[in-house]
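What follows is a single structure, written as structure tokens, with notes after it.
Quick caveat, the model's predicted, so the values are computed rather than measured. Below, read A as the first sequence line, B as the second, and so on, with proteins coming before strands; counting in each chain starts at 1. Only this structure's heavy atoms are used, side chains among them; waters, hydrogens and symmetry mates stay out.
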There are 2 protein chains.
Amino acid sequence: MKQINIKDLAKSLGISKSTVSRAFRDNSDIKPETKVRILAAAEELGYRPNLYASNLRGAKGKTIAIIIPEFGNNFFSQAIKGIEEQARAKGYYTLIFVTDDDVEKESTFIKELCNGRVEGVLMSASGEGKKHNYLRLLKERNIPLVFFDRYYEDVEAPVVTGNDYESSYAATKHLLDLGCKRPAYLVVDKNISIGKIRMQGYCDALKDAGIDMLQELIIECGNDKGQIYRVLKKSFAKLRPDGIFASVERLAMPMIRICHEEQVAIPEQLKIICFSCLEFADMLNPALSTVQQPAMEMGRTAAQILFELLQGNRKDDEPQIILLPSKLIPQKSTIG
Amino acid sequence: MKQINIKDLAKSLGISKSTVSRAFRDNSDIKPETKVRILAAAEELGYRPNLYASNLRGAKGKTIAIIIPEFGNNFFSQAIKGIEEQARAKGYYTLIFVTDDDVEKESTFIKELCNGRVEGVLMSASGEGKKHNYLRLLKERNIPLVFFDRYYEDVEAPVVTGNDYESSYAATKHLLDLGCKRPAYLVVDKNISIGKIRMQGYCDALKDAGIDMLQELIIECGNDKGQIYRVLKKSFAKLRPDGIFASVERLAMPMIRICHEEQVAIPEQLKIICFSCLEFADMLNPALSTVQQPAMEMGRTAAQILFELLQGNRKDDEPQIILLPSKLIPQKSTIG
DNA sequence: CTGTTAGCGCGTTCAC
DNA sequence: GTGAACGCGCTAACAG
């Protein structure tokens, strides 16, 4: 069946196209009864104004993009949920892009988006902190960008993220206070902004406690599941840390698994704490101590800022960084 | 800064618009050097063909919609990941819609989508099995629909789902084989297709084992977190089942929590098994027996079918139901 | 190979 | 309150 257009509808009602058009625009002069009649006929015949034609004429697509490095972990699921909620409330659509931690893909996505498909972009960065010229494209097209969680330091845009430094410091101190002498830090990639900041918290906590930081106890695990497991297994055997602070949940879980395999007692022989948004952290074996980020709120806040930008209620040129506090939740994996 | 358009670019190069247009279309006759020159200039000036104008001209938006009842659980996260992957490979964009289990919202979304925003729809149904006229709108506009996981029986469209009946039968039998005499079935809503089918498996397994099914052991828990907890707490106290088969993970977790609170030994006093895609089910306390659905594959398969439909490689009028087998993974929560 | 011309479906001036 | 005419940015058909 052919999609019916405005002309068809106008003809079938014996009126002109513009009158029909007016019936669908809120603020136009049109006799109420005519409007009702038109809308009824539209419903009847299944007419809907063509999206592309309307947009071409100047209207916006009411769409925003969410670009994230990975999908299927709790943090991003919840953040998206927060974004979704805000977008829906504003009548916006959300397009989702997953980079798989690949900056190239990120760049490709951004370039693609510059054709007007979206009005704004919410992004959690996939790479490290330098040389992100492709993000200038957005600015050139007046497409506002808001970072959430992971951001680029060299890009001027609002950022909503966690108080990662403080939480990492606190998590490390938590381990030290409980008697750890050789706590290790697990990170996917030392050079990615978020891993770096969290590492700084770890390092400073050690320093302030008067403990020498050992480079080897900063363990870079990479992204591949098999690789993570192998690196952890080997590192643990070699280094025998007595505490683990994992920058992401994905690294803590295999560590726990390895402890089970090797009969290492948690927390007696090894205390573990990690960043995590797992809803069931307290039901793990052992219940896992976590630094819990307010993921949903982060998404929500970032979306709010984006919409302020979109509506012109916020100045673009005063970039800002908003830190949302995480919560340290001690459980058996550290306190026994 | 004003977005540059095709006319500007043509003028600045001293050529015609159509030549520029051709440079961006793959199969057009154009001198290679001219093409290179145009693309270079485009890059230089930051020109990108306007999406809406192209689409208006007849091209498609290369966008599909994913409509799901809820977000932030593992099943849907993974299913979306599977869909994403396929869509990306085909150069398609994915728009995500979350209904919060509200059929009204579902209906609204579908109606919105009929303006040409998407070429196809992947949906996991939010309501029960009858009266879904709004889905006819899609058919009228030749927008193909593919269900995944949850579907409507009265709507003619391909379905990709799990072998829920068999798995539920197997899960229940698993409990019975281990000695359960009074296994309860936990469900969000008895009338939703997926809850119904799983219940059938439960009922039939009981019947085949010669055990009388007690209506009261079929526990409807609803959707609200607090409510679920209260219902479970009360039902457990009253009914004292010796086994639990939960149709979704969301219901099993609070049940375990209640067991912890009330010092009920799992699996000795209560054996628990549930549908779940939790990656860490084996690391829970106790390790949780699950029926694991191939979520990602389900998303992938549904997307593949949608794209076949879109490319005309598959007949729309031979709706089909594809059952992807789930895996029963026994853990400590049942076998000890 | 390239330029010219004519719409795609709609919203927005203007007139009336 | 309504209709006629124009153009948004682009692509396809047709000439050359």
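Summarising the geometry, the separation between CD1 on A:Ile30 and P on D:dG1 is reported as 9 Å, rounded to the nearest angstrom. As rounded to whole Å, 11 Å separates atom P of C:dG11 from atom CG of A:Leu51. The CZ-C1' distance, from B:Arg37 to C:dT2, rounds to 12 Å in whole Å. At whole-Å resolution of the value, CD1 in B:Ile38 and C1' in C:dC1 are 11 Å apart. Atom pair A:Asp8:CG and C:dG9:P shows a separation of 9 Å (rounding to whole Å applied). Distance CD1 (A:Ile15) to C1' (D:dG3): 10 Å, rounded to an integer number of Å. Remark: P of C:dA6 and CZ of B:Arg57 are 13 Å apart, rounded to the nearest angstrom. Taking atom CZ on B:Arg141 and atom P on C:dG9, their separation rounds to 14 Å, with Å as the unit.
Along DNA chain C, the nucleotide nearest A:Ser21 and the nucleotide nearest B:Lys35 are compared for position; the residue whose nucleotide lies closer to the 5' end is B:Lys35. Residue A:Val20 is the one, among B:Lys7 and A:Val20, whose nearest nucleotide of DNA chain D lies closer to the 5' end (criterion: closest heavy atom). Comparing A:Pro32 and A:Lys17, the nucleotide of DNA chain D nearest to each residue sits closer to the 5' end for A:Pro32.
Closest to the B:Thr34 side chain, of the nucleotides D:dC6, C:dT2, D:dT2, is C:dT2. Taking every side-chain heavy atom of A:Leu56 into account, D:dG9 is the closest of D:dG9, D:dT11, D:dC6. Relative to the side chain of A:Ser16, the nucleotides C:dC10, C:dC8, D:dG3 differ in distance, and D:dG3 lies closest. Each of C:dT12, D:dG9, D:dT2 was ranked by its minimum atom distance to the side chain of B:Asn50; first place goes to D:dG9.
For the pair B:Arg88/A:Phe97, a side-chain contact is recorded, criterion being any heavy-atom separation below 4.5 Å from C-beta on.
In this structure, B:Tyr47 reaches the sugar-phosphate backbone alone: every heavy-atom distance under 4.0 Å involves primed, P, OP1 or OP2 atoms, never a base.
For B:Phe147 and B:Tyr152, the ring centers sit closer than 6.0 Å to each other. When ring centroids are compared, B:Phe109 and B:Tyr134 stay outside the 6.0 Å threshold.
Side-chain contact of B:Thr19 with B:Ser16: a donor-acceptor pair under 3.5 Å is present, judged by distance alone.
Dashed line: the shortest gap from a side-chain N or O of B:Arg25 to OP1 or OP2 of D:dA12 is under 4.0 Å. At the phosphate of D:dG3, OP1 or OP2 sits under 4.0 Å from a side-chain N or O atom of A:Thr19. Within the 4.0 Å cut-off from OP1 or OP2 of C:dT4, not a single side-chain nitrogen or oxygen of B:Ser18 is found. Residue B:Tyr52 places no side-chain N or O under 4.0 Å from the OP1 or OP2 atom of D:dT11.
For a distance-only test at 3.5 Å, the side chain of A:Arg22 qualifies as a donor-acceptor partner of the base of D:dG3.
One finds a salt bridge joining A:Asp101 and A:Arg150 here, because a Lys/Arg side-chain nitrogen approaches an Asp/Glu carboxylate oxygen to under 4.0 Å. Salt bridge annotation for B:Glu119-B:Lys62: absent, with no cationic side-chain nitrogen under 4.0 angstrom from a carboxylate oxygen.
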